[in-house]
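Below: one structure, written as structure tokens.
Proteins get letters first, then strands, A, B, ... in listed order; numbering begins at 1 in each.
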There are 2 protein chains.
Amino acid sequence: MNPTMQTLLAHRSIRRYQDKEIGEDMLNDILTAATRGATTGNMQLYSIIVNKDKNIKQQLAPLHFNQQAVTEAPVILTFCADFNRFIKWCQLRNAQHGFNNMQCYTWAVTDAVIAAQNAVIAAESMGLGTCYMGTVTYNVKPLCQLYKLPKHVVPVACITIGYPAETPGITDRLPLKAVIHEEHYHNYSDNDINDIYREKENSELTKQLLETNNMDNLAQIFAERRYTKQDNEHFAKELVEFLVEQDFM
Amino acid sequence: MNPTMQTLLAHRSIRRYQDKEIGEDMLNDILTAATRGATTGNMQLYSIIVNKDKNIKQQLAPLHFNQQAVTEAPVILTFCADFNRFIKWCQLRNAQHGFNNMQCYTWAVTDAVIAAQNAVIAAESMGLGTCYMGTVTYNVKPLCQLYKLPKHVVPVACITIGYPAETPGITDRLPLKAVIHEEHYHNYSDNDINDIYREKENSELTKQLLETNNMDNLAQIFAERRYTKQDNEHFAKELVEFLVEQDFM
């Protein structure tokens, strides 16, 4: 197996970091790798905000629900879908554009996430640890204020990077066949679902979770405890309002 | 520089392929690498449709505006944001969910693109070539029909994979500083924009494009020729209607 495959297969999220800076050369290589990813029509429809300042990380932390990784990691990278730079260029060159819609927003989201994943893989190839902060799409309005985002810029991915202070095992995944569809989508029967989730539902981790949460099954922990309908709908409303403000909807 | 960094920095899109199959073991490794990427709460909110059948690739081609790569590449992978599997699981386990909204759709999109980029890097590390088909978000309704996608599934990324039949150089990028913002977003002045785009605007490739297209500048080629307001708004409308049909809006 080649070294890149080894890097990819060894991925795990690192949430605890050593109190040790990342060298400028390393960070520069990580950012350069991010920009080498494919982008829609080579338009590079993203921007990367680099946070190292302790004071700003303190302000950022509550927007990520005070996850320890945000204050502990030496570097936080926030990848934004960005049509602002490209639109400014078009305006300056008297080019009549139509980029303020959901189709174009989707291109920019894809560009930003590809760049983020390249940064993750680059960092991991150097022995650094990373973790995606999925919370980046929750508090988009205060995040926009903190980062001074102009119209046509939306945060879509955030990663913490640093030297690991923990060595977790790799996380379980569904069997490969559960996510693969040959030629077209084959919808799941009840038996398929039981089969796919069996191993996950019977793991030691799940047993501990059920005990701690005092709930009947793992699906309920996900749907009724971790990602509740009330929370999801609140943050969906915030996100949609923000997409309207940013001129994409 | 480590081998993974070399893979990342050597990325280029490959649009022409040799008439040579990809071995099952290689494809299996690529798909496994895709599933090792980070996913929101380890929910794996994506599915991967694998196309190898020549007949289906012929039907797929017009939905990608007959790009040659679609019929020439031995393997096409279409990554879908997928909450169908997870919601079916919740329903079967009597877990009350609230996943049918734009916040949850965003998680699934991110999961799908991370998986796609892992597949790209895995394939490239084995000497294969890849190309993203950005057109995957254009004709979402006929694509949904062809792929028999149920509710809560949306195609978001598509890659062609095969042995390269061309050896293009790596593509130009804006200067690194153009996409990096220290601590917060620093908006661009007119001078900044001129500075950022100077090299791109003065390249040989641009000079050829201006001559071929008979237009004043590169921004106009992007905004008024390649990605016109009329097209973008048409495909945005199609996409939004589809997101409503798929129960995310």
Side-chain angles (χ1 to χ4, degrees), chain A residues 2-4 7-9 11 33 35-36 38 40 42 44 47-50 53 56 88-90 92-93 95 97-98 101-103 106 110 113-114 117-118 125 132 134 137 147-150 171 173-174 179-185 187-188 193 197 217 219-220 223 229 232-233 235-236 239-240, chain B residues 2-4 7-9 11 33 35-36 38 40 42 44 47-50 53 56 88-90 92-93 95 97-98 101-103 106 110 113-114 117-118 125 132 134 137 147-150 171 173-174 179-185 187-188 193 197 217 219-220 223 229 232-233 235-236 239-240:
Chain A
N2 71 59
T4 302
T7 301
L8 293 171
L9 299 186
H11 167 76
T35 66
R36 292 312 316 171
T40 308
N42 198 20
Q44 293 188 257
S47 274
I48 310 171
I49 297 168
V50 182
D53 183 273
I56 293 182
K88 273 193 183 303
W89 180 50
C90 288
L92 207 59
R93 296 293 181 267
H97 79 86
N101 55 64
M102 280 299 282
Q103 180 66 233
T106 300
T110 307
V113 177
I114 289 173
Q117 185 59 7
N118 264 19
S125 78
Y132 276 93
T137 56
Y147 281 156
K148 306 178 184 176
L149 304 181
T171 314
R173 289 288 187 267
L174 300 175
V179 301
I180 303 297
H181 301 259
E182 303 284 347
E183 302 301 344
H184 66 79
Y185 199 96
N187 211 342
Y188 304 89
I193 295 290
Y197 284 96
N217 61 58
Q220 290 179 351
K229 184 177 168 71
N232 298 346
E233 288 178 355
F235 292 119
L239 178 62
V240 168
Chain B
N2 71 58
T4 302
T7 301
L8 293 172
L9 299 185
H11 168 76
T35 66
R36 292 311 317 171
T40 307
N42 198 20
Q44 294 187 254
S47 275
I48 309 172
I49 296 168
V50 182
D53 183 275
I56 293 183
K88 275 194 182 303
W89 181 48
C90 288
L92 208 58
R93 297 293 181 267
H97 80 86
N101 54 64
M102 280 298 283
Q103 180 66 234
T106 300
T110 306
V113 177
I114 289 173
Q117 184 58 7
N118 264 21
S125 78
Y132 276 94
T137 56
Y147 282 156
K148 305 179 184 176
L149 303 182
T171 314
R173 288 289 187 268
L174 300 176
V179 301
I180 302 298
H181 300 259
E182 303 285 346
E183 303 301 344
H184 66 80
Y185 200 96
N187 212 341
Y188 304 90
I193 295 290
Y197 284 96
N217 61 58
Q220 290 179 350
K229 184 177 168 69
N232 298 346
E233 288 177 355
F235 292 119
L239 178 61
V240 168

Answer with side chain, backbone, both or neither: which region of Asn232(B) has an atom nearer than 4.5 Å to a non-hydrogen atom of chain A? both
Can you check whether Gln117(B) reaches Asn118(A) side chain to side chain, under 4.5 Å on heavy atoms? yes
In this structure, CH2 of Trp89(A) is separated from CD1 of Ile193(B) (nearest 0.5 Å) by 9.5 Å
May I ask you to test the His184(A)-Leu149(B) pair for a side-chain heavy-atom distance under 4.5 Å? no
Using a cut-off of under 4.5 Å for heavy-atom pairs, which of Glu183(B), Gln220(B), His181(B) has the most such pairs with chain A? Glu183(B)
Side chain, backbone, both or neither: which part of Thr106(B) has an atom under 4.5 Å from a heavy atom of chain A? side chain
For the interface with chain B, which of Glu182(A), Met102(A), Lys229(A) has the highest count of heavy-atom pairs at distances below 4.5 Å? Lys229(A)
Looking at Ile114(A), Thr35(A), Val113(A), which makes the most heavy-atom pairs under 4.5 Å with chain B? Ile114(A)
Is there a donor-acceptor pair under 3.5 Å between the side chain of Asn217(B) and the backbone N or O of Arg93(A)? yes
I'd like to verify something: which residue of Cys90(B), Gly134(B), Ala219(B) has the highest number of heavy-atom pairs under 4.5 Å with chain A? Ala219(B)
Ranking Ile180(B), Thr40(B), Leu239(B), Thr7(B) by heavy-atom pairs under 4.5 Å to chain A gives rank one to Ile180(B)
Asn42(A) side, atom CG; Leu174(B) side, atom CG - distance, nearest 0.5 Å: 7.5 Å
Top contributor to chain A interface from Tyr197(B), Phe235(B), Tyr188(B) [non-hydrogen pairs under 4.5 Å]: Tyr197(B)
Taking Asn101(A), Leu92(A), Val179(A), Thr137(A) one by one, which has the highest count of heavy-atom pairs under 4.5 Å against chain B? Val179(A)
Check each atom of Ile49(B) against the heavy atoms of chain A and say whether the ones under 4.5 Å are side chain, backbone, both or neither. both
Do the side chains of Tyr147(B) and Ser47(B) get nearer than 4.5 Å, heavy atoms only? no
Side chain from CB out, backbone as N, CA, C, O: work out which of these in Tyr132(B) comes under 4.5 Å of a heavy atom of chain A, or both, or neither. side chain
What part of Asp53(B) gets closer than 4.5 Å to chain A, counting heavy atoms only: side chain, backbone, both or neither? both
Could you pull out all residues at least two apart from Lys148(B) that satisfy salt bridge (charged side-chain N to carboxylate O under 4.0 Å, His left out)? none
Pairs of heavy atoms under 4.5 Å with chain B: top-ranked of Gln44(A), Glu233(A), Arg173(A): Arg173(A)
Against chain A, label Leu9(B) side chain, backbone, both or neither, depending on which of its atoms sit under 4.5 Å from a heavy atom there. both
What option among Thr110(B), Val240(B), Thr171(B) has the most heavy-atom pairs under 4.5 Å with chain A? Thr171(B)
Does the side chain of Arg36(A) reach to within under 4.5 Å of the side chain of Leu8(B), using non-hydrogen atoms? no
